[in-house]
Amino acid sequence: MASRAATMVALLLAAVAATCAQAQLHEKFYGETCPSVEDVVRKEMVRALSLAPSLAGPLLRMHFHDCFVRGCDGSVLLDSANKTAEKDAQPNQTLRGFGFVERVKAAVEKACPDTVSCADILALIARDAVWLSKGPFWTVPLGRRDGSVSISNETDALPPPTSNFTVLTQLFAAVNLDAKDLVVLSAGHTIGTSHCFSFSDRLYNFTGMENPSDIDPTLEPQYMMRLKSKCASLNDNTTLVEMDPGSFKTFDTDYFKLVSKRRGLFHSDGALLTDPFTRAYVQRHATGAFKDEFFADFAASMIKMGNANPLTGSQGEIRKKCNVVNH
């Protein structure tokens, strides 16, 4: 019997199905050419996360960073000899898992040569990263092709962790995502870690004074002191902090509990409390009573994001290796 969560996912995904069809993405795209692709990807994911469960967050983030720049075309994976690709830009310096993506691609190539794009592999990896972290499962529309252009300064399209609500909504709207998608996808912060430099200005340099008393007044005081005990200064570039303390390896609704108590790690988390709609969503799901609803929302928003300007049909290529173009 289908669970309530699965039923809600099915209903919500119907709303994005027409858009996916227009982009030529569909769930059975590799049904004849590579029917084993999801099994191959999942086998590699199970193996990797059993050894390093903290990799789930970065792999989810990688798909996010890919889709916000040039659409979901695998451009975040490309290398550049002169260090001018997306992965060389500051927002992507902390991404992890590139080597793992190459291993998955190699396994898929062995099963189905020259068939599955790196962009589709990223989408499947992100879905499995969430599901294997006890989050929702969704069927991923496939058929993306890989781009051949990757430019570091185009990462300005990525929503920085320092963003206020206005900036966040503008950047999300650029890839056809609305305020609901913003609050839902922000909850991806329930898994993974962050470097101190992504939020330490809230602890030491909120108004530019660069001293221990220059703090963000919207951050809950006890949480702020806990963060200060981990991030000793504004110049700490190495320490990692759990984004969802206590359950950073589990995909759950605890993120909303933290944000509702002004314990969201980033400016962008706190910004969700400055808008009536997103604040109400945070407060509803902070109760923990609507897990199935949130899981269905997250699945729908991930599919919607994954449909951001993909290359399809004869556009782009199917890279043999994810870090280099074929020609």
Side-chain angles (χ1 to χ4, degrees), residues 53-54 56-58 60-61 64 91 94 96 130 133-135 159-168 179 182-291 293-295 298:
S54 63
L60 172 61
R61 184 169 172 242
F64 183 97
T94 55
R96 293 194 295 122
V130 171
S133 300
K134 301 183 180 180
T162 55
S163 298
N164 61 29
F165 189 78
T166 299
V167 172
L168 288 170
L182 166 59
V183 65
V184 168
L185 293 175
S186 292
H189 293 165
T190 189
I191 54 173
T193 58
S194 172
H195 286 83
C196 289
F197 61 74
S198 294
F199 58 86
S200 57
D201 64 308
R202 304 184 79 188
L203 312 178
Y204 300 105
N205 193 33
F206 185 64
T207 64
M209 296 170 59
E210 293 192 32
N211 66 58
S213 63
D214 192 14
I215 60 174
D216 182 350
T218 67
L219 199 58
E220 194 273 324
Q222 289 186 341
Y223 183 54
M224 179 197 64
M225 294 307 298
R226 190 180 308 165
L227 291 175
K228 279 192 169 188
S229 71
K230 296 177 181 293
C231 305
S233 75
L234 193 63
N235 301 315
D236 188 335
N237 294 320
T238 57
T239 303
L240 287 170
V241 174
E242 297 174 6
M243 292 190 289
D244 184 352
S247 66
F248 77 107
K249 296 178 184 178
T250 303
F251 194 97
D252 53 28
T253 59
D254 284 359
Y255 168 81
F256 295 114
K257 295 178 185 178
L258 292 171
V259 174
S260 70
K261 296 177 180 178
R262 297 189 293 123
R263 293 186 175 191
L265 190 61
F266 307 117
H267 290 269
S268 58
D269 296 323
L272 299 176
L273 297 177
T274 66
D275 173 77
F277 174 81
T278 54
R279 181 173 64 250
Y281 191 96
V282 167
Q283 292 171 341
R284 175 178 174 82
H285 291 282
T287 65
F290 305 99
K291 176 182 173 181
E293 179 182 295
F294 163 60
F295 275 19
F298 191 84

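- The backbone N or O of Asn235 lies less than 3.5 Å from a partner atom in the side chain of Ser233, making a donor-acceptor pair.
- Heavy atoms only, all atoms of each residue included: Ser133 and Lys249 are closest at CB-O, 3.7 Å.
- Between Arg202 and Met224, the closest side-chain pair of non-hydrogen atoms is not below 4.5 Å.
- Panel note: side chain Lys230, backbone Glu242; no donor-acceptor pair is recorded below 3.5 Å.
- Atom CZ of Phe199 and atom CG of Asp269 lie 11.0 Å apart (nearest 0.5 Å).
- In plain terms, the two heavy atoms of Met243 and Leu265 that are nearest each other are CG-CD2, 3.9 Å.
- Ring planes of His267 and Phe206: parallel class, angle under 30° (limits at 30 and 60°).
- Residues His285 and Thr253 share a closest heavy-atom pair of O-CB, 3.8 Å.
- Side-chain N or O atoms of Thr250 include none that pairs as donor or acceptor with a backbone N or O of Asp252 at under 3.5 Å.
- Proximity of the aromatic rings of Tyr281 and Phe294 is defined here by a centroid distance below 6.0 angstrom, and this criterion is not met.
- Judged by distance alone, with hydrogens and angles left aside, the side-chain atoms of Asp214 form a donor-acceptor pair with the main-chain N or O of Gly208 at under 3.5 Å.
- No salt bridge links Glu220 with Lys261; every basic N to acidic carboxylate O contact stays at or beyond 4.0 Å.
- The line from OH of Tyr223 to CG of Leu203 is 9.0 Å long, rounded to the nearest 0.5 Å.
- The structure places CG of Asp236 at 5.5 Å from SG of Cys231, a figure rounded to the nearest 0.5 Å.
- For the pair Leu182 and Ser186, the tightest heavy-atom approach, listed with the atom from each and the gap, is O-OG, 2.7 Å.
- Atoms CG and CZ, on Asp254 and Arg263 in that order, are 12.5 Å from each other to the nearest 0.5 Å.
- Ring geometry for Phe266 versus His189: interplanar angle over 60°, hence perpendicular rather than tilted (30 to 60°).
- Side-chain atoms of Tyr204 come within 3.5 Å of backbone atoms of Ala232 as a donor-acceptor pair (strictly under, hydrogens ignored).
- Interatomic distance, CG of Asn237 versus OG1 of Thr94, reported as 11.5 Å (0.5 Å rounding).
- Side-chain atoms of Phe248 and Ile191, non-hydrogen and from C-beta on, never get closer than 4.5 Å to each other.
- No more than 12 heavy atoms of other residues, nucleotides or ligands shown are found within 6.0 angstrom of NZ on Lys291.
- Counting only heavy atoms from C-beta outward, the side chains of Val183 and Phe256 approach each other to under 4.5 Å.
- The minimum heavy-atom distance between Cys196 and Val241, with the atom names listed, is SG-CG2, 4.0 Å.
- Across Thr238 and His195, no two heavy atoms sit closer than the pair O-CD2, 3.8 Å.
- Going from atom CZ of Arg262 over to atom CG of Leu273 covers 9.0 Å, rounded to the nearest 0.5 Å.
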